[in-house]
Amino acid sequence: MNIKAQITNLVPYKPGKPSDEVKKEFGLSEIVKLASNENPFGCSPKVNEWFKENGVNHAIYPDGYATNLRDSLAKKYSLSPEQFILGNGSDEIIQIISRAMLENGKNTIMPAPSFPQYKHNAIIEGAEAIEIPLINGAHDLQKMAEAINEQTAIVWVCSPNNPTGKYINKEELISFFDLVPSHVLIVLDEAYHEYAVAEDYYDAISLLESYPNLLVTRTFSKAYGLAGFRVGYGMASPSIIQAIEPVREPFNTNVLGQTAAQIALEDETFLQNCREQNRLGLEQYYQFCEEQGLSYFPSQGNFILIDFNRDGDLLFQELMKKGYIVRSGQALGYPTALRITIGSKDQNEKIISVLKEILKN
Ligand SMILES: Cc1ncc(COP(=O)(O)O)c(C=O)c1O
């Protein structure tokens, strides 16, 4: 079988154990899953209301161009519809960009640890993945710029960064963009953009005009609470979008996802409320960390990386036995840490009290 040599050692994405399986294995009646940075408050009630009252014709293909959702996004951001590419989650946007631009002989620069799909896709395409270590949880933008050469096709920037939650402020971001030559595409992954509240957080949309080599990705999976529908998008100059569009599958976003995303986009109140609850939830964890003397990264996302100075996998197992599913830092480049998604106030209180008990031993 002629499988690409570079993928023979590549490990497929390993999803966490399904909640039902964990329940059965440990005889639990309730599971709190705070592992995948999903929205603990679900999605806008308007989405559920719409689906209760309306049906969609499942027998026909969706609008492959996602015209209505595209137009709504264009209106929201005051961009033109040609500046968008829609994807089956922003995962797919990352895949499309990689497929369009990377190959053997090219390289791509990324922070590490960060979202693993940048490297994963680079390997599949046979390109060299150049990983630039974070400094104290933040991008080393200077080193990232220095690593660029003639063969560099893409530089990935993740802000707020998964798994650390650190963001890049406007000044740092612009200084970095100014260092990136025009032949290199800058992908700014803003999966957690809607959660960011820092005062010096930038408005990426306003930078698109000044940086024609910039592509910004966002998603409906996080603050909009639509991870199950799989809708993400990229925004860039029309010429970049036009160049990568041929890689996109004809019907990559489905009719349910397009509809849900369009309704969710209009509910700013839901989003604001989630942002505020998330901010308050983060405070709960900060207080817990201060009390326990644990180090953590202040986060602009809906998750927090806490260093427990213990084996992350063992701690993860202990929490799972008690019905709490989080992410061990082992696979995230922080072996003694856990990444915990910010839950509801009640969920946060519960897991914090369980953690306090565990830390006594
Ligand atoms: C930084 C980052 N980018 C992209 C994604 C992909 O999200 P989705 O494919 O659901 O849009 C995630 C998901 O966890 C993420 O953390």
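Start at 1 and go down the list; that is how both ligands and their atoms are numbered.
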inquiry  = Checking contacts here: is it the side chain or the backbone of K222 that comes within 4.0 Å of ligand 1, counting heavy atoms only? Could be both or neither.
reply    = side chain
task = For atom 5 (C) of ligand 1, grab the closest protein heavy atom and report residue, atom and distance to one decimal in Å.
result = F115 CZ, 3.3 Å
ask   = Using 4.0 Å as the upper bound for N to carboxylate O, is an ion pair formed by E49 and K52?
value = no
task = May I ask you to check whether D91 has an N/O atom sitting below 3.5 Å from an N/O atom of ligand 1?
result = yes
query = Has ligand 1 got any nitrogen or oxygen that is less than 3.5 angstrom from a nitrogen or oxygen of S221?
reply = yes
message = Looking at ligand 1, is there an atom of it that comes within less than 4.0 Å of some heavy atom belonging to D189?
response = yes
request  = Would you kindly confirm whether M144 and M110 end up in one hydrophobic cluster when ILVMFWY residues are joined by side chain heavy atoms under 4.5 Å apart?
outcome  = no
task = Starting from atom 16 (O) of ligand 1, find the nearest protein heavy-atom neighbour and note its residue, name and distance.
result = Y192 OH, 2.6 Å
inquiry  = In this structure, does ligand 1 have an atom that sits under 4.0 Å from one of the heavy atoms of C158?
reply    = yes
Basic-acidic side-chain contact under 4.0 Å: K360, E357 = yes
key: Sub-3.5 Å N/O-N/O distance, R230 and ligand 1   = yes
Cation-pi check, R327 onto F303 ring (under 6.0 Å, within 45° of axis) = no
key: Close N or O approach (S90, ligand 1; < 3.5 Å)   = yes
